[in-house]
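Read the structure below first, then the notes.
Each chain gets a letter, A, B and so on, in the order its sequence line appears, and its residues count up from 1. No hydrogens, no waters, no symmetry mates; every other heavy atom, side chains included, goes into these values.
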Amino acid sequence: MNTNFYEQVYEVARLIPKGRVTSYGAIAKSLGVAKSSRMVGHAMLYAGLAHPNVPAHRVVNSSGLLTGKFHFKTPDLMEQLLAAEGVQVKNDKVVNFKTVFWNPLEEMNL
DNA sequence: AAGATGACTGTAC
DNA sequence: GGTACAGCCATCT
């Protein structure tokens, strides 16, 4: 699909360190399309098909809520993966979200 | 071409 | 902090 935009989303998503999470808006903002946060989520749908190894489970909404868990192979997979990386998930929500939050802009600004 | 949809976000109550 | 509403924008029907 020529979606270079998606490629960038995947690239940023892959940069997320293990045990950390980020938000769709943060990724969108780092790509200069903060207003298209929804497109980031849409790109994540393709993540499992176009690019394996894209840790889409590390991307949550601005509240740290696992909004996309139902789009995974199984609804439990997302929190399973997060838990396996040391990210505690409670009630479909990332615990200490502000603490484990990883800002893509930080990496890009280096 | 126009309307509906969605893995979102920010503001308001 | 939870619910409600509006703004945004690519994709699909």
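Summarising the geometry, the separation between CZ on A:Phe101 and C1' on B:dT9 is reported as 13 Å, rounded to the nearest angstrom. Between the OH atom of A:Tyr10 and the C1' atom of B:dA7 there is a distance of 12 Å, given to the nearest Å. Rounded to an integer number of Å, the gap from NE2 of A:His42 to P of C:dC8 is 20 Å. Following rounding to the nearest Å, A:Lys29 (NZ) and B:dG10 (P) show an atom-to-atom distance of 8 Å. What separates OH of A:Tyr46 from P of C:dT11 is a distance of 8 Å, to the nearest Å. When rounded to the nearest whole Å, the span between CZ of A:Phe97 and P of C:dG1 equals 13 Å. Rounding to whole angstrom units, CG of residue A:Asp92 and P of C:dG2 are separated by 12 Å. A:Leu45 has its CG atom 11 Å from the P atom of C:dC12, to the nearest Å.
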Could you list the donor-acceptor pairs under 3.5 angstrom formed between side-chain atoms of residues 23-35 of chain A and any protein atom two or more places apart in sequence or on another chain?
from    : atom 1 : to      : atom 2 : distance (Å)
A:Ser23 : OG     : A:Ala26 : N      : 3.2
A:Tyr24 : OH     : A:Val59 : O      : 3.3
A:Ser30 : OG     : A:Ile27 : O      : 2.5

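To the nearest 0.5 Å, atoms CG (A:Leu45) and CE (A:Met39) are separated by 10.0 Å. Taken from CZ in A:Phe97 to OG1 in A:Thr22, the straight-line distance is 7.0 Å, to the nearest 0.5 Å. With rounding to the nearest 0.5 angstrom, the CG atom of A:Leu77 is 13.5 Å from the NE2 atom of A:His71.
Nucleotides of DNA chain C nearest to A:Ser36 and A:Lys93 differ in position, and the one nearer the 5' end is that of A:Lys93.
Closest contact between the side chain of A:Ser23 and the listed nucleotides B:dT9, C:dC8, C:dT11 involves B:dT9. Side-chain proximity of A:Asn61 to C:dC12, C:dA10, B:dT9: nearest is B:dT9.
Within 4.0 Å (heavy atoms only), A:Ala47 reaches no atom of the nucleic acid at all.
Heavy-atom distances under 4.0 Å link DNA chain B to A:Ser62, A:Thr67, A:Gly68, A:His71, A:Phe72 of residues 62-76 of chain A, given in residue order.
Aromatic ring pairs are classed by plane angle as parallel below 30°, tilted from 30° to 60° and perpendicular above 60°; the pair A:Tyr10 and A:Tyr6 is tilted.
When hydrophobic clusters are built by joining Ile, Leu, Val, Met, Phe, Trp and Tyr residues whose side-chain heavy atoms come closer than 4.5 Å, directly or via intermediates, A:Val89 is not grouped with A:Trp102.
With sequence neighbours excluded, the residues forming a salt bridge (Lys or Arg N to Asp or Glu O under 4.0 Å) with A:Asp92 are A:Lys69, listed by chain and number.
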